[in-house]
Structure formats: C-alpha cells, structure tokens
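Below: one structure, written as structure tokens.
Within every chain, numbering begins at 1; the chains are lettered A, B, ... in the order of the sequence lines, protein sequences first and strands thereafter.
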Number of protein chains: 2
Amino acid sequence: MAKTSQAAGLHRASLDKLHDLDAALELMYYGWRGMTLEADAYLAKQGLSRPHHRILYVVARRPDIAIGSLLEVLGISKQALSRPLNLLQERKLVTSKRSPEQHRSKLLRLTEAGRRIEQRASDHERKVLREAFDRVGASGAAAWMAVMETIADNN
Amino acid sequence: MAKTSQAAGLHRASLDKLHDLDAALELMYYGWRGMTLEADAYLAKQGLSRPHHRILYVVARRPDIAIGSLLEVLGISKQALSRPLNLLQERKLVTSKRSPEQHRSKLLRLTEAGRRIEQRASDHERKVLREAFDRVGASGAAAWMAVMETIADNN
DNA sequence: CATCTCATGTCAACTATGTTGACTTGAGAT
DNA sequence: ATCTCAAGTCAACATAGTTGACATGAGATG
C-alpha cells in the first residue's frame, strides 16, 4: 500500500462551460482533491492511504466500535476491511479486545500512536477547510454547510 | 467495467465530533458521494463508469482535443486512458481523426450518442447541485463556490 | 536521403481497492 | 448437543491506476 507520490499535473483544467452548473460540478471534483491532497501525501509517508485513514477516523470517533458496526459505517465488505485493518493492528495503531459481556464481538480502539496519525492526517484536511471558511466568514461557511448537507442527503 | 450496483448502505454515519470542522470534513465526503450517486448508477446501466464519464465530459468541452492534451487534463497515464477510451470508440461514443495540419496528433470528438450519454450523466450531477443551490439562494450558492474555489486551489 | 523527434499505441508486470462466494472458528444461547 | 452469530480466511475476480520498454508512422532537419 502507498507509493511514492501521485500523478502530479492536475492543475484545475479550464474547460468550456456548456451548462450553468458546470463550474460548480468541477469545483466539487477539485474541492475533494484539494482537501485530501496534503493528507494523502502525509499518509503515504507513513505507508498508509485513504482506507486506513477512514478506519482511523471512524474508530477515533467511536471508541470500542465492533467490527460489524465499522463495516456498516464504512460501507465495505469484511474482506475489504481485513487487509487495511490488519495492517493497522500490526503497526499497533489499532488494538482490539473482546467485549466483556458480548464476548462475540471485538471492540476496536486507537492506540496513542494511532490517535496521533489520525489527528495529523485529519488536521491537514481541516486546515484547508479552515482557511477557506476564514475567507468567507461565518455566514459563508454556514451556507457551504447547508448546500453540502442537501447534496449529501441526496440518497 | 461496471457491475450491477454498489455496496448500498452508506447512510451518513453519525460519529462524535472531536473537532470543530469534523462536520465539514464529513460533508465533503458525503457531498461528493451524494452528487455522483445517481450519475454512477446511470453510467453503470450503460456499462460505463467514472473514468468514461470523465473522458466524455472533457471531450464534450474541448472538441478536437488531442490525446496528449486529454492525458494532461485527466492527469493519468496513457496506458490508463487506453482501455476506457478504446471502449468509448468501439461503442461509437467517441470518434478520432488525424489533424489536417498537425498530422501527428489525433483529434477526439463525441458522436451524437456520446453527447447524449455525457449530457444525461452530467445532468444527474447538476440536478443535485441545482436543488441544493435553490434552497440557499444566489448568495448561498456564491458562498459555496467561493469556499470550493479556495479549497480547490490548495495545491 | 537519412536521421531525429514526437504523438500515439501496445505489451507486460505490478499495486491498490474493492467485490462475491464458500468455508472455518469460537463462543453464547437454546 | 445443537443452533446462531461475529469474526476470520481463502480463492477468484473486476476496476483503475502505475512504470518500463518498445513499436510505428509521420513531420522536421541536416
């Protein structure tokens, strides 16, 4: 997992706008990329990548989450989870213990090192958001959140 | 390329917020997914997927683009381009002709069928954006764009 | 004409991230 | 003793990308 670096290039291309909302459509694409670029670079330096970060992020916010619940939250199969999760455990970024009462399920937690990496990776992403929000002020930030909520809830 | 459908699940998970901007961070993730969900489902029905759509999208907005320029815009290797592009040509969604003067390069265009599929796929994405923008009004939409531009330009 | 460059194409091997399906293991519940 | 259920594991496959090496065909240059 993880390579040296990515394709580079990838400056926002300037394409003709055929429709009113083409600019917005492209901004969603480049926005996602802009937010994750530095975090991905940091993760790659640690020999980790996006799937590992997703696991760390969720476990950080749901200590003692069971494997099954983690699968639900991530929306992937257990087979897809196993490789990145095993790596995180080998690296001692995540620990698991059996539940005292529900002995069937395994409860996951981050170690101190896991918390540190999760924080640093997420910090890169939050930094980009913070800078953008600072430029538009609180009302602009609120509008951004409102738009994104509507889009996100488009199931 | 393309399967029957995706993992399903994937309701926005409710995780504890450890930081101020965690909600925004998650909205970026779910926003991207919300925008592309229906478009991806439509593409899958056509036996196509995201890489094909990206090609169709760019060629629609840069008729007579050369392969090399397309590679730059997409930011992938020519080997990665070849499979989806060849499929699009076999399906007669994209045509290529050699340039009259610059005979070395090959110029790409969408056929009528290619244009139609590109439009329908992108329409799904624009529809989601339009609904969200309608809810917050022109000033909210402008704020969203301003935030996304700052984030996108974070190189 | 001969050679150089340049855009494109293609073969091969590899990585990463996911999928299904089938089966095992180990512990709790009946 | 058996059933159920969470978790783990093996195999085969699909998709989307990477590098490296090499071929081809045409325009540009000595």
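- Nucleotide dA7(C) holds its P atom 19 Å from the NZ atom of Lys97(B), rounded to whole Å.
- Counting to the nearest Å, the C1' atom of dA16(D) and the CG atom of Asp40(B) are 14 Å from each other.
- Partners of Glu112(A) according to the side-chain hydrogen bond (donor to acceptor under 3.5 Å, both in side chains) rule, which considers only residues two or more places apart in sequence or in another chain, are Arg115(A).
- Comparing Ser69(B) and Ala80(A) by the nucleotide of DNA chain C that holds the closest heavy atom to each, the one mapping nearer the 5' end is Ser69(B).
- Straight-line distance from the CD atom of Glu90(B) to the P atom of dG9(C): 13 Å, rounded to whole Å.
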### salt bridge (Lys or Arg N to Asp or Glu O under 4.0 Å) between Asp64(B) and Arg109(B), intermediate numbers included
CA-CA 6 Å; Asp64(B) 287 337; Arg109(B) 271 177 175 277; 3.0 Å; yes
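- Atom CG of Leu70(A) and atom P of dA6(D) are 15 Å apart (whole Å).
- Separating the CZ atom in Arg54(A) from the CG atom in Leu81(A) is a distance of 10.5 Å, to the nearest 0.5 Å.
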Could you go through nucleotides 10-12 of chain C and list every protein N or O atom that sits under 3.5 Å from one of its N or O atoms, giving the distance for each pair?
none

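- Residues that satisfy the side-chain hydrogen bond (donor to acceptor under 3.5 Å, both in side chains) test with Lys92(B), not counting sequence neighbours, are absent from this structure.
- One can place CZ of Arg83(A) at 8 Å from C1' of dA16(C), the figure rounded to the nearest angstrom.
- Applying the ring-ring contact (aromatic ring centres under 6.0 Å, His included) criterion to His124(B), with sequence neighbours excluded, gives Tyr42(B).
- Whole-Å rounding puts the Arg98(A) CZ to dA7(D) P distance at 8 Å.
- Rounded to an integer number of Å, the gap from Ile76(A) CD1 to dT17(C) C1' is 9 Å.
- Comparing dG9(C), dA7(C), dT17(C) by their nearest atom to the side chain of Ser105(B) picks out dA7(C).
- Contact check, Ser49(A) against dA16(C): no side-chain N or O comes under 4.0 Å of OP1 or OP2.
- Taking side-chain N and O atoms only, Arg54(A) has a distance below 4.0 Å to OP1 or OP2 of dG18(C).
- Between Leu43(A) atom CG and dT17(C) atom C1' there is a gap of 15 Å when expressed in whole angstrom units.
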Give the table of side-chain donor-acceptor pairs shorter than 3.5 Å for residues 128-149 of chain A, with sequence neighbours excluded, one pair per line with atom names and distance.
none

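- When the side-chain nitrogen and oxygen atoms of Ser77(B) are compared with OP1 and OP2 of dT19(D), none of them lie within a distance under 4.0 Å.
- Listed by chain and residue number, Ile76(B), Ser77(B) satisfy the side chain to side chain contact (heavy atoms under 4.5 Å, CB included) test with Ala80(B) (two or more places apart in sequence, or in another chain).
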